[in-house]
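Lettering of chains follows the sequences in order, A, B, ..., and the numbering in each one begins at 1. This structure is a prediction, so every number in the text was calculated from the model and none was measured.
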Amino acid sequence: MPEASKMKKPDVKVVLLGDMNVGKTSLLHRYTERRFKDTISTVGGAFFLKQWGPYNISIWDTAGREQFHGLGSMYCRGASAVILTYDVTNWQSLAELEERFLSLTDTAHHGCIYAVVGNKADLTDSKAQLSQDSDGVSEDQIQEEMTKPQVLSACPTPPASPASLSGMSLNKQVTREDAMAFYGRILRYKGLEEKGSLPAEKMCFETSAKTGYNVDTLFETLFDLVLPSILRNRNENLQSPTVDLEECRGAGSKRARSTCC
Amino acid sequence: MSVKAFELVPAVERDLLMGDKARINIECIECCGKHLYVGTNDCFIHHFLLDEVTSAKGKLSYSSQKLLHKYLGLKKPVAELRAASALERLIVLCDGIVFLVDMVTLETVPSAAGGGAKIRGVAAFCINENPVNGDPFCVEMGILSSKRRTVQIFMVYEDRVQLVKEVGTPEQPCAVSVDGYFLCLALATQYMILNYNTGASQDLFPYNSEERRPIVKRIGREEFLLAAPGGLGMFANAEGVSQRAPVNWSESVIGAAVCFPYVVALDESFITIHSMLDQQLKQTLSFRDGHILQDFEGKVILASTKAVYVLVPLPLERQIQDLLASHRVEEALILTEGAQRNIPKDKFQILHKRILQQAGFIQFGQLQFLEASEHFRKGQLDVRELISLYPLLLPTSSSFTRCHPPLHEFADLNHLAQGDKDKVLRCKKFLISYLGEVRSTEVANGCREDVDTALLKLYAEQDHDSLLDLLASDNACLLADSIPWLEKYHKYFALGLLYHYNGQDSAALQLWIRVADGDLQDPTRSDLYEYVVDFLCSCSNLDLVWQYADWALQKDPTIGIHIFTKRPVSKDWPQLNSDDVISYLGKHVQAQLLYLEYLVLERRIQKEKFHTHLAVLYLERVTMLLSQSPIDEAQLSSARDRLQALLRESNLYRVQILLGKMENCEQLLLERATLHGKLEEHDKALHILVHKLRDFRSAEAFCIWASSCRDSAYQQQLFHLLLGVYLDGNRPGKSQAAAAAAGGDSGDLEMAAVDLLNRHGEVFDAVRVLRMLPEGWSLQLLRPFLGRAVRASVHACRTSQIALGLANSENLQLLHDRLKERKKPIFVSEKKGCHLCHNTFSEPDVVCLPGGVPVHTQCVAQRVRDSPTKRLLTNSTNHT
Ligand SMILES: Nc1nc2c(ncn2[C@@H]2O[C@H](COP(=O)(O)OP(=O)(O)OP(=O)(O)O)[C@@H](O)[C@H]2O)c(=O)[nH]1
Ligand SMILES: [Mg+2]
């Protein structure tokens, strides 16, 4: 928390988007504080500054609640990476990404990269149940007790799937293939060619904020991928009356909206 | 959760403003320096002078004095008031009309000749506090029209207003703020940023302005605070980006302002204060009928419908101290660090350090040592603050006094731990590790003695292994202060080390000796005696060595002698004189012997005195052992071995002395033989060996030993001598005594002679031997000797022939090599002619002239004979 206060100017912005209750806040907590703890549904948004080598990366956690939906575009403005998060036990959460959240990314940086992340993999996948967090092994027991009742009760979305209410064995409602197909549609929506873009295999993750499964991999992969964007940002500020034709072609019409009005 | 960040102080009370007229409400306020203007719903402007009064206790209050009030004549509420102090004008919005009044007289300013000073149809306006236009005598104003979807930019002069720009908006705007060229607008369904210069716009986010009153508040350069859906306070900059996380207000916020680092907001019944640093709600003040909240040049003023208040921020330091007092370390630090840009650098550093230190002590009190030490380090805590918490750790000589005001609330460790022994122990362990870490850093500069002494005391008390490491390495422990402490914990060995470190070796030794003798108890070293010996070994103070050597030797001479024998031998180290040592050791016989052995056998000192002395001591020991009964054979044989070895190997001792000492000793014949050998009295020696001892093996060994460094002739002579002794002894009449000693068994000597010949045949001169041997001996008896003698002679002959042959061929080879090195081959053939006589060659023998020219031998001889200089030719060779 003190990091956020120091007001260093961030070099790059990463935004977590997704329906309420999919676990955005939990993912960020897991990554920054190395543990899984109680959350309350996020109000508005919050951000965290991450020092990544010499760079400062701001990671914005947004609120999934409908009420705050309108703020999304603003949070995404100028973002270099957007993490579109869904809940693997909830088909609707993936559908919402496409229906409600994808359009919010229109304001993102023209070279923005997208990751599709299915969280709560621990509920469906035995390999995600093992704690991956090297420094939080002993906490697991406590977490177990702390979170079980929540998993059962914290599902205020009205048409909650019967599976999620039955608790113990939740059905996986979204497969990785579904997520990868969605990733393909994101590229199409952005007017990007599949060939020139990052491949779906690389950009679709299944994670568990609860066990830490894949969480570090997710953030670190993204940070490594946005580094070029940081460098480009810096260079753009310094020089460059030259126009990169590659980029113009890729960004297409979106660019007009995000950079000039 | 709460911090007391602000205090609500009444500024203008109801009485002063409207007396008992119940229907009159405050509509707007403006504050400019000490001048407070209040607009009311009955179309009056009231002008007050606000004076800050600080009471003796430091409490702030306001005294207000009413200067004037003025009716504007429009019968409508005064909607907004803004001061343009440079123009001495108030800009007033009333009944949809903007106009100017004089700040002092409150008179409406009449229109100037050239243009109007009134704008009609105005819904709201705002002043640009960061105008792009640099003219100080005009004010830039943004106007929202009540009917049109436009924003107009006006310049306000002393007596007129001038429209400079008009920009359209997609919807009806209802609130506006401006900074530079950037208008931040609340429209009916959303907020947007509009650059009035370029017309470029940027949507921010949707907001239903009909449902909830929007708030558009400029909070700094190109940054605005907006009321967002869900009761959020959102930040947005001119690029449409949010750089701070939103704060969470209630749904019904009426007004908001920033008073760094806080966001202050007003709703129907509360003032809420959030920190911009961590977005947390920090303080809530109840405030009924809240109506207006605005900040004027950093001063936050609120109004209910009836009265005006000032929200006075408490001094930052006080807020921080309050946080610390309730142990909210993290927040206190965030607040401190957040204030960095508002405080001069050097002042900030002092404050920051102090807060870090206080935070450290709070965490220390909670036994959160990891965090505490981090904060102590960052805050560059004077470690003595920490040490002084522990009773008696600081040296009595320390000049330290705790800083004032104190950094913490603890009197000392006992107060902190409240009798909890485990707590005390953990605190001590922490201090040990903390001091261990900082003692070599600059934190310890200037108080190294205090730190090291405290550490020493802790180590001693806690029976910590590092005590010895501390004392054995560079340290600044104060001796006087440490003595009683180390004595108290029976750390005598350690105390000795400290004495030594302080150059008081004598005190150290005295103490150690008392421990080694069991007068004092300190189990640190079970081998303290050996340690003391080692210490004396390398002790540079020779007086001390002499002083304590006696003690060491008495305890155990074999180890004690190490003082003298293990002393490092080096030029720049005070050395002991060997003679002094020997005479000193007179009363320690065993040690003296060991010392002489060290000199003679180990150091190999070539001094007759030592060698003789050692030999005599050896001899004395042997004689002593011999005189005992029963004789301890094992000891005796080892003692004799030593004696014999020395006698054999040393060439320095005085043979005569020793010989004299064992002249009459028939038990030491072997030694005597050796001594005779030393004197080259080989016949005497052999006589003893052969006739007295009848030890033929030893006799043979004697010959080998006595000739060991001599040539083979000498050896041969010795062997012949021995052979002679054998043979003579055998000859009756010649050596009666020997024959008698042999006890008639003269065959022994004969056999010995045979054995000698057969075993060492190669040494003898066979011819001489044959002449010496008695006639009657059988060939068979001497077969091995003779066989070997013949073989040896043949072998010698052949070997020499081979050697001769090899030498010849080597010579030839060398000649060949030399030629090859020096020259290319010279070809001689029957077709070539001699250069001198021009006849061809018929034989391979030629002579080469310098330059490799072959000529006939006889021609050269001729030429040399003829040549006046008789020059010699250099190269001559054979070629085939
Ligand atoms: N089993 C399981 N539960 C999770 C996981 N991540 C989050 N949760 C639970 O899901 C619920 C919602 O988590 P949050 O992190 O608050 O979700 P969010 O996406 O931030 O929600 P909003 O802030 O409302 O948008 C909480 O009860 C979490 O305990 C996960 O990986 N596994
Ligand atoms: Mg959340």
Ionic contact status for [Y] with [X], cut-off 4.0 Å:
X	Y	answer
B:Arg212	B:Glu251	yes
A:Asp216	A:Arg34	yes
B:Arg218	B:Asp179	yes

Donor-acceptor contacts under 3.5 Å from residues 347-363 of chain B side chains, at least two apart:
| from | atom 1 | to | atom 2 | distance (Å) |
| --- | --- | --- | --- | --- |
| B:His352 | NE2 | B:Glu337 | OE2 | 3.0 |
| B:Lys353 | NZ | B:Gln380 | OE1 | 2.9 |
| B:Arg354 | NH1 | B:Pro405 | O | 3.2 |
| B:Arg354 | NH2 | B:Pro405 | O | 3.2 |
| B:Arg354 | NH2 | B:Pro406 | O | 3.1 |
| B:Gln357 | NE2 | B:Gly379 | O | 2.7 |
| B:Gln358 | OE1 | B:Gln321 | NE2 | 2.8 |
| B:Gln358 | NE2 | B:Gln321 | OE1 | 3.0 |
| B:Gln363 | OE1 | B:His375 | ND1 | 2.6 |

(request) Identify which part of B:Leu204 has an atom lying under 4.5 Å from any heavy atom of chain A, answering side chain, backbone, both or neither. (result)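 Contact with chain A involves both backbone and side-chain atoms of B:Leu204.
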(request) Just give me the residue among B:Pro229, B:Gly240, B:Pro261, B:Pro206 that pairs up with chain A most often, heavy atom to heavy atom, under 4.5 Å. (result)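 Ranked by contacts with chain A, first place is B:Gly240.
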(message) Quiz question: by atom type and distance under 3.5 Å, do the side chains of A:Lys120 and A:Ser26 form a donor-acceptor pair?
(response)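 Per modelled atom types, A:Lys120 and A:Ser26 side chains form no pair under 3.5 Å.
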(request) Taking atom types as modelled, find out whether A:Thr25 and A:Thr42 have a side-chain donor-acceptor pair closer than 3.5 angstrom. (result)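 Distance-only check passes for A:Thr25 and A:Thr42.
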(request) Report yes if the distance between the aromatic ring centroids of B:Phe364 and B:Phe369 is under 6.0 Å, otherwise no. (result)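 Yes, the ring centres sit under 6.0 Å apart.
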(request) Could you tell me which residues in residues 218-226 of chain A have at least one non-hydrogen atom under 4.5 Å from a non-hydrogen atom of chain B, sorted by residue number? (result)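 Listed by number, there are no contacting residues, so the answer is none.
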(message) Sub-4.5 Å heavy-atom contacts with chain A: which residues of residues 183-191 of chain B show up?
(response)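 Residues qualifying by a heavy atom under 4.5 Å from chain A are absent, so none.
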(request) Quick one: closest heavy-atom pair of B:Met276 and B:Phe260, and the distance? (result)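 Looks like SD-CD1, 4.2 Å.
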(request) Using the test ring pair (Phe, Tyr, Trp, His ring centres under 6.0 Å), find all partners of B:Tyr262 that sit at least two apart in sequence or belong to another chain. (result)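 Result, ring pair (Phe, Tyr, Trp, His ring centres under 6.0 Å) vs B:Tyr262: B:Phe6.
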(message) For a 4.5 angstrom cut-off between non-hydrogen side-chain atoms, does A:Leu227 reach A:Tyr55?
(response)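 When only atoms from C-beta onward are counted, A:Tyr55 and A:Leu227 do touch, with a gap below 4.5 Å.
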